[in-house]
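Below is one structure, written out as structure tokens; the observations come after it.
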Amino acid sequence: MYILRKKNLTDILDKWSKAFEVYTPQYEDDQVMLLPYEKSGFTTDYINFAFPVKEYFFKERERLFDWSEESGNIGISQPGNVPETKRLLFGVRACDLYGINYMDKFYLDDFRDNIYEKSRREKWIAAVNCTAYGETCFCNSMGTGPFADKGYDVLLTPLEDSYLVEAATEKGIELVELAGGLLEAADAVMLDEKQKVYDSFKDTFKISINTENIHKVYEAGFNDEIWDSLEKDCIRCTGCTNVCPTCTCFNVIDENESGSAGKRMRCWDSCQSDAFTRNAGEHNPRNSVSRVRYRIFDKFKYIEEKFGFKGCTGCGRCIGVCPVSINVVKISNYLTKKYGNGVTPGEKQMEYNHDHGQRCEDVYVPQVAVITEIVEETPKIKRFFLSYEDKSMHDNFEFRGQFFEITVFGVGEIAISIPFSASSKYEFDFCVKKAGKVTSALHELKVGDKVGLRGPFGKGFPYEEFKGKDIIVVGSGVGIAPVRTMIVQALENRSDFGKIVVIGSAMSYEDLVYKEDLIKWSSLDGVKVLYALSNPTTKVDAHVGYINDLLPDLGLNWEKTAAIICASPRRIKAVSKDLLKLGMSGKSIYTSLETHMRCGIGKCGHCKVGSKYMCIDGPVFNYEEMLELPPEF
Ligand SMILES: Cc1cc2nc3c(=O)[nH]c(=O)nc-3n(C[C@H](O)[C@H](O)[C@H](O)COP(=O)(O)OP(=O)(O)OC[C@H]3O[C@@H](n4cnc5c(N)ncnc54)[C@H](O)[C@@H]3O)c2cc1C
Ligand code: SF4
Ligand code: SF4
Ligand code: FES
């Protein structure tokens, strides 16, 4: 613990500037921003920066990888393996510090984001405790401020004519050493001084949120009329998410530099834009009311449910920036007043100080794969057989997950289900329906062309749980692809299962995929294949009508049956309801859900439904779990 005289503050910044690119609070027009240190614009008279410090770790626009093609070969490189300049961020407030720690947890836990990690490692943080609050600050009620308790390298607390300086990490000790004679040793009594400053203003904030029972309160207020009225007010400017220190969503965009070279970029994206969750074919599972509700639920419920710490830092920026005065504090307090009598959610502790030194794999970079065969299944659906160019990838392939991300270089990347089994270790096949930009480009490719593969990702069907049971597998349209993996695994391990029923459904027989497989499977012992089509056919004996009509006559032991259904959410619900009536439990009915995906690894935020990321927590859910999700898929 040290003392720095206030008159020596710029001297210490000068010293640190010799070793770091130092960023400090600087006046720019009438706002205070975190900018390269210049004595002329430097100030200590600020409540907080106009923008959160997240942009120093997670840039508004950054490159994921470059690709280029030469003589049919595709080369991929990830730029930025060059170390960034060492930067010291001075003057970070407690609420933003909490935001950085949230990002550390978010980006550095599962599927460690190597781009974030690199940027984080090269930053030193000198936080400065607040001694005054702004009109929209409510960090005290979120428990994130006004004083920082963890997550900084060095912390300065303004006292009368000096700062109390506390170093918390090795980086902090380095800063102390670099300060040389400017720091004087402080004794423990200075902590009492610090406490006095804190006590003098901690309870004087103008606005606050009651976080007690907040999850229950939000749950009860899910269908409140307030969301309809907010939807009418919100002009979708996305200002609130841009300024939020805990908004981490991004879009992924392919940019072509020429026909044979390009780059994949990520840029900040906002759940407040209409296109955020829109799927191919214009279907959007989140309507505009749920769009507005989602942001606020995410901050006060979903993030905490998922990660175990609060999603709002109480910085108040979204309140200040909203042109139509949408105010998270007023909304929360309105809900608390109306519904606030639930139980208190367990107190959860945020983990700080993730190790920033460890290197990790390039999670966004695909492996090159070659198209070895293409089969036209229907006029709109093609089956692509792929092999990694680097054969060792196949040797080391571990069969798991539910989908891969397939890249068409220069166009984009899409999630496509695994329809094969573990025995297809050296060649993968995928069934792709032409739906929009990337799928159409994929349909144009020929045998020998190259694509990118990332994966496998997601949670697959719980094969072990199905053992010893009869199974019924239902696939509608291209939905037979995700369930095919279960069928082929069950057929390869026939003795593990009782009867197997497969129901293929489509508009017409011509629209069905895997027609040859279906015929082959129908001739196997103990396997029944049925068809539910909208149009009659002479090719097979098919029921003209809904899948549901076929269920009562199947003669399965329903209590010992597992069902796997992949169809539209409406059809999944209709079939599941009938299966429940027949005696099945909701825990034995499984489905693979489809939402807009970009990254596949729980980072871009596009696929999130309530507190669940479809790409890592799903896409496979049982019917009971599915019903617990907000109806936004
Ligand atoms: C887990 C999962 C498994 C899937 N499996 C298959 C499969 O086996 N076969 C198949 O044909 N389709 C499958 N899909 C749907 C497929 O991903 C979309 O049809 C595809 O992304 C549409 O991309 P596009 O560029 O052609 O359409 P556009 O409308 O141009 O979409 C632009 C971008 O939005 C995203 N997007 C749009 N629609 C969807 C969607 N439905 N799901 C996810 N992201 C979307 C993608 O990032 C896409 O590149 C699956 C989707 C998910 C989530
Ligand atoms: S939701 Fe608003 S108040 Fe909360 S952290 Fe984000 S910008 Fe700050
Ligand atoms: S800042 Fe206000 S108007 Fe803009 S998207 Fe957010 S809530 Fe809507
Ligand atoms: S978080 Fe990016 S697709 Fe799930």
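Numbering of ligands and ligand atoms starts at 1, following listing order.
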Metal check, atom 6 (Fe) of ligand 3 vs C240 N/O/S, cut-off below 2.8 Å = yes
With atoms numbered from 1 as shown, which atoms in ligand 2 lie under 4.0 angstrom from a non-hydrogen atom of K299?
-> 1 (S)
Atom 5 (S) of ligand 3: closest protein heavy atom, distance to 0.1 Å, is T238 N, 3.3 Å
Check whether the side chains of T238 and S270 place a donor and an acceptor atom closer than 3.5 Å, and report yes or no.
-> no
Could you tell me which non-hydrogen atom of P619 sits nearest to which non-hydrogen atom of G458, and how far apart they are?
-> CD-CA, 4.1 Å
For C318, the ligand 2 atoms whose distance to one of its heavy atoms is below 4.0 Å = 1 (S), 2 (Fe), 3 (S), 7 (S)
Can you tell me if S141 uses its side chain to pair, donor with acceptor, with the backbone of S208 under 3.5 Å?
-> no
Which atoms of ligand 4 are found less than 4.0 Å from any heavy atom of C604?
-> 1 (S), 2 (Fe), 3 (S)
Nearest non-hydrogen protein atom to atom 8 (Fe) of ligand 3, with distance, is C234 SG, 2.4 Å
Got the closest protein heavy atom to atom 4 (Fe) of ligand 2, with its distance?
-> C312 SG, 2.3 Å
Considering the heavy atoms of M597, write down every atom of ligand 4 situated less than 4.0 Å from one of them.
-> 3 (S)
Check ligand 3 against V324 and write out every atom of the ligand that is under 4.0 Å from a heavy-atom position of the residue.
-> 3 (S)
How about F307 and F106: are their ring centres within less than 6.0 Å of each other?
-> yes
Atom NZ of K206 with >12 non-hydrogen neighbours under 6.0 angstrom = no
Is it the case that more than 12 heavy atoms not belonging to K612 sit under 6.0 Å from its NZ atom?
-> no
Got a sec: is C607 within less than 2.8 Å of atom 4 (Fe) of ligand 4 via an N/O/S atom?
-> yes
Kindly give the heavy-atom pair with the smallest separation between V368 and F409, and that separation in Å.
-> CG2-CZ, 4.5 Å
Numbering as shown, the atoms of ligand 4 that approach R598 to under 4.0 Å (heavy-atom distance) = 3 (S)
Quick check, are the ring centers of F397 and Y388 under 6.0 angstrom apart?
-> no
Looking at Y590 versus F461, is the centre-to-centre ring distance below 6.0 Å?
-> no
Step through the shown structure and confirm whether more than 12 heavy atoms of other residues, nucleotides or ligands are within 6.0 Å of CD on E135.
-> no
Member of R112, K150, R120 meeting the salt bridge (charged side-chain N to carboxylate O under 4.0 Å, His left out) criterion with D104 | R120
Check: F58 ring centre within less than 6.0 Å of Y116 ring centre = no
Give the atoms of ligand 4, by number and element, whose distance to some non-hydrogen atom of C599 is under 4.0 Å.
-> 1 (S), 2 (Fe), 3 (S)
Which of the ligand 3 atoms, numbered from 1, are nearer than 4.0 Å to a heavy atom of I235 = 3 (S)
Quick one: which ligand 2 atoms are inside 4.0 Å of a heavy atom on F138?
-> 3 (S)
Output the list of atoms in ligand 4 that are nearer than 4.0 Å to some heavy atom of K603, sorted by atom number.
-> 1 (S)
Which ligand 4 atoms, with their elements, are less than 4.0 angstrom from a heavy-atom of G605?
-> 1 (S), 2 (Fe)
Enumerated ligand 3 atoms positioned under 4.0 Å from heavy atoms of R295 | 7 (S)
Does the ring centre of F430 sit less than 6.0 Å away from the ring centre of F384?
-> no
Per-atom filter on ligand 4: closer than 4.0 angstrom to a heavy atom of G602 are 1 (S)
Interfacing atoms of ligand 2 (cut-off 4.0 Å, heavy-atom, G316) | 3 (S), 8 (Fe)
Out of C322, S325, G320, C237, who gets a non-hydrogen atom closest to atom 2 (Fe) of ligand 3?
-> C322
Answer yes or no as to whether an N/O/S atom of C315 is found below 2.8 Å from atom 2 (Fe) of ligand 2.
-> no
What are the atoms of ligand 4, with element, lying closer than 4.0 Å to any heavy atom of G600?
-> 2 (Fe), 3 (S)
What residue and atom, counting heavy atoms only, is the protein's closest point to atom 6 (Fe) of ligand 2, and at what distance?
-> C244 SG, 2.4 Å
Which residue, E413, E255, E405, forms the salt bridge (charged side-chain N to carboxylate O under 4.0 Å, His left out) with R264?
-> E413
